[in-house]
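The structure under discussion appears below in the form of structure tokens.
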Amino acid sequence: VTYAVAVLLLVTLFGFVVERLARESLLDAVEYGLIEQARTVSELLPDDPTEAVQFVDELARGVDARITVISADGSVIADSLTEPTGMENHSGRPEVRAAFEGGVGTDRRVSTSTGFDQTYVAVRAPQGVVVRLSLPQNTVDAQVGDFRSGLALVVALVAIAGVVVVALVGRRLARPLTDLSDAATAMAAGDLEVPVPRSSVEELDRVGRSLQTMAQELGDRIAEVDGERRTLEAVLGALPQGTLLIGSDDRIVYANPAL
């Protein structure tokens with residue numbers, strides 16, 4: 001039972017880790033795709049702010065991502081979802097700041113305007129502005145959900161197979177261990193002639209052979225001691241003089257027939 005529980009826990013942990021890795025991999029792929037789209041938009045973006053607003057509105061019809069154009073002072077020039085005049089300054093946004101400093105910036109956070117987890121990428125355009133694209137992470141979660149369903153089935157099948165294997169191995173080991181335990185108990189009770197069963201498991205068979213060898217050597221030593229005792233009794237019994245052996249506790253251990 002313990003091994004079966006361990007197998008279930010390991011398989012479940014494996015499934016969780018794989019699901020997390022898959023989600024991160026998909027998010028990374030989304031980021032890469034958004035960066036490439038943002039670079040394309042930045043190259044096509046008109047220099048005139050008024051034309052930029054119209055360009056973003058038209059482009060948004062064929063792009064799933066939200067498009068935002070941000071000036072060097074952080075003010076929003078154009079946005080495909082919200083009227084730019086009502087939007088707050090974006091100079092403090094991590095991805096915007098990184099884009100102005102290094103050309104490209106990314107971030108993942110909850111959007112203050114939509115309230116959803118978003119993936120943001122920002123690219124500095126030749127016009128001196130930043131083009132930012134964002135996509136809700138629930139689009140990734142939907143893909144992960146499909147993957148998670150398939151993964152759950154695989155994990156369940158692996159878990160069942162693991163439990164079955166553990167049960168078969170446990171049954172294969174339990175019987176030889178019980179036989180070895182019974183043989184060892186019989187030997188401890190004085191039955192050194194009890195046969196020790198062989199096992200197809202090499203380690204258990206080695207233990208059984210060692211137990212059989214120990215019992216045989218112990219039996220030989222007992223027989224040797226018993227033979228020496230009988231020889232001593234025969235020698236002492238043949239003496240014409242009375243012979244008395246007294247133990248350390250002053251008790252008579254042996255007295256020959258001459259007494």
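All values derive from a computational prediction rather than experimental measurement.
Side-chain heavy atoms closer than 4.5 Å link hydrophobic residues (I, L, V, M, F, W, Y) into clusters, and following such links, possibly through other members, connects Val63 to Leu44. Cluster annotation: Ile67 and Val104 are assigned to the same hydrophobic cluster (Ile/Leu/Val/Met/Phe/Trp/Tyr, side-chain heavy-atom contacts under 4.5 Å, transitive). Linking Ile, Leu, Val, Met, Phe, Trp and Tyr residues whenever their side-chain heavy atoms come within less than 4.5 Å places Val121 and Val131 in a single cluster. Clustering ILVMFWY residues whenever any of their side-chain heavy atoms sit less than 4.5 angstrom apart, transitively, puts Tyr120 in a cluster other than the one holding Val96. Residues Leu218 and Val207 share a hydrophobic cluster, clusters being chains of Ile/Leu/Val/Met/Phe/Trp/Tyr side chains in contact below 4.5 Å.
Looking at every heavy atom in both residues, Ala65 comes nearest to Leu135 through CA-CD1, 3.8 Å. Pro94 and Arg109 get closest at one heavy-atom pair: CD-NH1, 3.8 Å. Taking each heavy atom of Gly128 and Ala72 in turn, the nearest pair found is O-CB, 4.1 Å.
A donor-acceptor pair is defined here as one N or O able to donate and one able to accept, closer than 3.5 Å; no such pair exists between the side chain of Asp47 and the backbone of Gln127. The main-chain N or O of Thr119 is never found under 3.5 Å from a side-chain atom of Arg108 such that the two would form a donor-acceptor pair.
In this structure, Ser42 OG and Leu133 CG are separated by 10.0 Å, a value rounded to the nearest 0.5 Å. Put simply, CG on Asp117 and OG on Ser134 are 12.0 Å apart, with the number rounded to the nearest 0.5 Å. Interatomic distance, Asp57 CG to Asp79 CG, rounded to the nearest 0.5 Å: 9.0 Å. Remark: Leu45 CG to Glu51 CD distance equals 10.0 Å, nearest 0.5 Å. Here OG1 of Thr106 is found 4.5 Å from CD of Glu31. Values are rounded to the nearest 0.5 Å. To the nearest 0.5 Å, atoms OG1 (Thr68) and NE2 (His90) are separated by 5.5 Å.
When the options Arg132, Arg39, Glu36 are evaluated for a side-chain contact (heavy atoms from CB on, under 4.5 Å) with Val123, the one that passes is Arg39.
The side-chain heavy atoms of Met214 and Leu211, taken from C-beta on, include a pair separated by under 4.5 Å. Residues Glu88 and Arg93 have side chains in contact (heavy-atom distance under 4.5 Å, counting atoms from C-beta outward). Residues Thr82 and Arg66 form a side-chain contact, since some pair of their non-hydrogen atoms from C-beta on lies under 4.5 Å apart. Counting only heavy atoms from C-beta outward, the side chains of Val41 and Phe55 approach each other to under 4.5 Å. Under the 4.5 Å side-chain criterion, counting only non-hydrogen atoms from C-beta, Ser91 is not in contact with Phe100.
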Margin query: Using side-chain contact (heavy atoms from CB on, under 4.5 Å), reason through Val56 and Ile77 one step at a time and then give a plain yes or no.
Written below: CA-CA 10 Å; Val56 168; Ile77 298 174; over 6 Å; no
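The side chain to side chain donor-acceptor pair (under 3.5 Å) search around Asp249 returns none, not counting sequence neighbours.
We find that Glu224 and Arg221 are not joined by a salt bridge, their nearest charged nitrogen and carboxylate oxygen being 4.0 Å or further apart.
Atom CG of Asp220 sits in a crowded spot, with more than 12 heavy atoms from other residues, nucleotides or ligands closer than 6.0 Å.
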